[in-house]
Amino acid sequence: MLQPGSTIGIIGGGQLGRMLAVAAARLGFHTIILEPQAGCPAAQVANRQIAAPYDDTDALAELAQLCDVITYEFENVPVAAAQKLAEETRVYPPPIALEVSQDRFREKAFLNDCGIETAPWHLVNDTAGLVAGLAQFDGRAILKTRHLGYDGKGQVRFRGDGSDDIAGALASIGNAPAILEGFVAFEREISVIAARDREGHVRTYDIAENVHSNGILATSTVPAAIAPATAEGAARAAEKLMRALDYVGVLGLEFFVLPDGTLLANEFAPRVHNSGHWTEAACAISQFEQHIRAVAGLPLGDTARHSDCVMENLIGDDIARVPELLKEPAAVVHLYGKAEARPGRKMGHVTRLRHDPEKL
């Protein structure tokens, strides 16, 4: 268990790292950010930044020497770097979680091996594999690169209506290794945010219902419009996944919900998650504090919410709406300290609370 005054290293300097650093400070910890971009959002609130690439040998050695435990804010941290750090100090979540999440093929296979159902998928290494997969899915599917790609990037959608450019699909993603996912007639998208501590205790937040726009999360609404059995199934799946990974920290697991309540896992993120931002406004213990508690060896906090809510991402020029948002009652605005608004860039979020007197 870390004592107040201990130092937590955070790899990545974006908004998630920023919110982790704030949560760490509230619990009396110091933070050091490893991030190549000087003056990044996380560095604005941390004690120190090491401005270097994530795989810089000297920077990694310095981070390991200065920190009592190291975590990360995004899933594309070089696995070799995380493994090297783990030889010198504690790294949570464990590097295996990065390995699995960074490869969509391995991720799907791992979920399935855990007994967690996913949408049907097909490995694609070449044009012949793509054609075979499309035949399996009646021409309607989504091609996704196995590595990298997020917020809708690195994807090609096939509608099976004769308008698809099968020949150019692989070229459009740089002929990268890929998987093909069959379409599913889902009713809604949800996610579960769960935490596991060093002793294996698990806490789960209420399920969020998510709406995406152009591949980017637009809103998360809590509670989700799902049956209790569906919510319980999502929580059980998250716990099963974390135990299989010997996970420590907060994890986000996304699902498609079919009309009959059946769950199909989409993907997981080995970190605090955008669809859990609502917890900082609607819960006593946010996902960010919960993550810091877990990696620091502290007891996990209560995940109960005191309010229903809707979290909305502020994307690009949405930042201009902030003065009006600040006038709204029961609206909690959080800005990320990014100097430039660009299309598709997450600039902040706002959580609108709907108080339930019975929960206060």
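Any value given below was found using the heavy atoms of this structure, including those in side chains, with hydrogens, waters and symmetry copies removed.
I33 and L63 fall into different hydrophobic clusters, where Ile, Leu, Val, Met, Phe, Trp and Tyr residues are linked whenever their side-chain heavy atoms come under 4.5 Å apart, directly or through other members. Follow the hydrophobic side-chain contacts under 4.5 Å out from F288 and you never reach L251; the two are in separate clusters. Both V248 and L20 sit in one connected hydrophobic cluster of ILVMFWY residues. Membership requires side-chain heavy atoms under 4.5 Å apart, directly or through other members. Taken together through direct or relayed side-chain contacts under 4.5 Å among Ile, Leu, Val, Met, Phe, Trp and Tyr, V156 and V184 form parts of separate hydrophobic clusters. Both V192 and L245 belong to a single network of hydrophobic side chains, linked directly or stepwise wherever heavy atoms of I, L, V, M, F, W or Y lie under 4.5 Å apart.
F268 and H273 have their aromatic ring centers separated by at least 6.0 angstrom. When ring centroids are compared, F256 and F183 stay outside the 6.0 Å threshold. Between Y92 and H291, a ring centre-to-centre spacing not shorter than 6.0 Å is recorded.
Side-chain atoms of R18 and Q44 form a donor-acceptor pair, as typed in the model, at a separation below 3.5 Å. A donor atom on one side chain and an acceptor atom on the other are found under 3.5 Å apart for N112 and T118.
Side-chain atoms of T145 come within 3.5 Å of backbone atoms of H147 as a donor-acceptor pair (strictly under, hydrogens ignored). The backbone N or O of D58 lies less than 3.5 Å from a partner atom in the side chain of D56, making a donor-acceptor pair. A donor-acceptor pair is defined here as one N or O able to donate and one able to accept, closer than 3.5 Å; no such pair exists between the side chain of N214 and the backbone of I216. The backbone N or O of G200 sits less than 3.5 Å from a side-chain atom of R243, completing a donor-acceptor pair. At distances below 3.5 Å, not a single donor-acceptor pair connects side-chain atoms of N210 with backbone N or O atoms of S220. In this structure, the side chain of E73 engages the main chain of G14 through a donor-acceptor pair within 3.5 Å. Panel note: side chain T303, backbone T204; a donor-acceptor pair is recorded below 3.5 Å. Of the possible donor and acceptor atoms, none in the side chain of S6 sits under 3.5 Å from a partner among the backbone N and O of L2. Looking only at distances, a side-chain donor or acceptor of Q290 sits under 3.5 Å from a matching main-chain atom of G301. With hydrogens and angles ignored, the 3.5 Å screen pairs no side-chain donor or acceptor of D308 with any backbone N or O of R354.
Within the 4.5 Å cutoff, the side chain of T7 has no heavy atoms near those of the T31 side chain. Annotation: side chain of Y72 is not in contact with side chain of L34 (no heavy-atom distance under 4.5 Å). When side chains are defined from C-beta on, I50 does not count as touching E35, because their heavy atoms never get closer than 4.5 Å. The closest side-chain heavy-atom distance from I207 to V222 is not below 4.5 Å. For the pair F255/L264, no side-chain contact is recorded, criterion being any heavy-atom separation below 4.5 Å from C-beta on. V250 has its side chain out of reach of R293: every pair of non-hydrogen atoms, C-beta onward, lies at least 4.5 Å apart.
Within 6.0 Å of atom CZ in R26, 12 or fewer heavy atoms from other residues, nucleotides or ligands are found, so the atom counts as exposed in its surroundings. In this structure, D317 places its CG atom where only 12 or fewer heavy-atom neighbours from other residues, nucleotides or ligands lie under 6.0 Å away. Counted within 6.0 Å of CZ on R159, heavy atoms from surrounding residues, nucleotides or ligands total 12 or fewer; the atom is thus considered open. A 6.0 Å sphere centred on CD of E117 holds no more than 12 heavy atoms belonging to other residues, nucleotides or ligands. Other residues, nucleotides and ligands contribute over 12 non-hydrogen atoms within 6.0 Å of the CD atom of E199. Counted within 6.0 Å of NZ on K84, heavy atoms from surrounding residues, nucleotides or ligands total 12 or fewer; the atom is thus considered open.
Residue E254 holds its CD atom at 6.0 Å from OG of S191, rounded to the nearest 0.5 Å. Taking CG from L298 and CE from M1, the interatomic distance works out to 5.5 Å, rounded to the nearest 0.5 Å. How far CZ of R104 is from CG of L123: 13.5 Å, rounded to the nearest 0.5 Å. With rounding to the nearest 0.5 angstrom, the CD atom of E75 is 5.5 Å from the OG atom of S101. To the nearest 0.5 angstrom, N313 atom CG is 5.0 Å from L217 atom CG. Atom-to-atom distance recorded for I190:CD1 and S275:OG is 10.0 Å, nearest 0.5 angstrom.
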- Message: Show, in sequence, the C-alpha distance, side-chain angles and deciding distance for K327 and E324, and conclude whether the salt bridge (Lys or Arg N to Asp or Glu O under 4.0 Å) test is met.
- Response: CA-CA 5 Å; K327 297 176 183 179; E324 291 304 314; 3.2 Å; yes
- Task: Could you go through the side-chain contact (heavy atoms from CB on, under 4.5 Å) check for I319 and L335 one step at a time?
- Result: CA-CA 8 Å; I319 194 72; L335 304 182; 3.7 Å; yes
- Message: Please evaluate residues M347 and D318 with respect to the criterion side-chain contact (heavy atoms from CB on, under 4.5 Å), reporting the C-alpha separation (whole Å), side-chain torsions for both, the decisive distance (0.1 Å), and the verdict.
- Response: CA-CA 8 Å; M347 302 299 295; D318 285 343; over 6 Å; no
- Item | Check against salt bridge (Lys or Arg N to Asp or Glu O under 4.0 Å), R48 and E62 | CA-CA 12 Å; R48 181 181 170 189; E62 183 179 9; 2.3 Å; yes
- Message: Using side-chain contact (heavy atoms from CB on, under 4.5 Å), reason through K346 and N274 one step at a time and then give a plain yes or no.
- Response: CA-CA 10 Å; K346 296 172 183 174; N274 195 171; 3.1 Å; yes
- Starting from the C-alpha separation in whole Å, work towards a yes-or-no answer on side-chain contact (heavy atoms from CB on, under 4.5 Å) for R196 and H201. CA-CA 5 Å; R196 186 172 186 264; H201 303 119; over 6 Å; no
- Item | From CA spacing to verdict: side chain to side chain donor-acceptor pair (under 3.5 Å), H334, E280 | CA-CA 10 Å; H334 192 137; E280 69 170 352; 3.1 Å; yes
- Step by step, would you call K108 with E181 a salt bridge (Lys or Arg N to Asp or Glu O under 4.0 Å)? CA-CA 10 Å; K108 300 292 185 185; E181 296 181 13; 3.2 Å; yes
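Smallest separation of non-hydrogen atoms from I292 and A23: CG1-CB, 4.2 Å. Contact detail for K240 and C114: the closest heavy-atom pair is CD-O, 2.7 Å. The nearest pair of heavy atoms linking I8 to C67 is C-SG, 4.1 Å. Between H30 and G5, the closest heavy-atom pair is ND1-O, 3.7 Å. Across every non-hydrogen atom of L134 and L180, the tightest pair is N-CD2, 3.4 Å. Here the closest non-hydrogen pair linking A208 and W278 is CB-NE1, 4.0 Å.
Between F74 and Y54, the ring planes are tilted. Angles from 30° to 60° get that label.
Between Y336 and the options H349, R345, Q15, a side-chain hydrogen bond (donor to acceptor under 3.5 Å, both in side chains) holds for only H349.
Of the charged side-chain nitrogens involved, none lies within less than 4.0 Å of a carboxylate oxygen, so that K338 and E340 do not count as a salt-bridged pair. Salt-bridge formation is detected for the pair R188/E209: a Lys NZ or Arg NE/NH1/NH2 atom is positioned less than 4.0 Å from an Asp or Glu carboxylate oxygen. Contact check on E312 versus R321 returns a salt bridge, with a Lys/Arg side-chain nitrogen under 4.0 Å from an Asp/Glu carboxylate oxygen.
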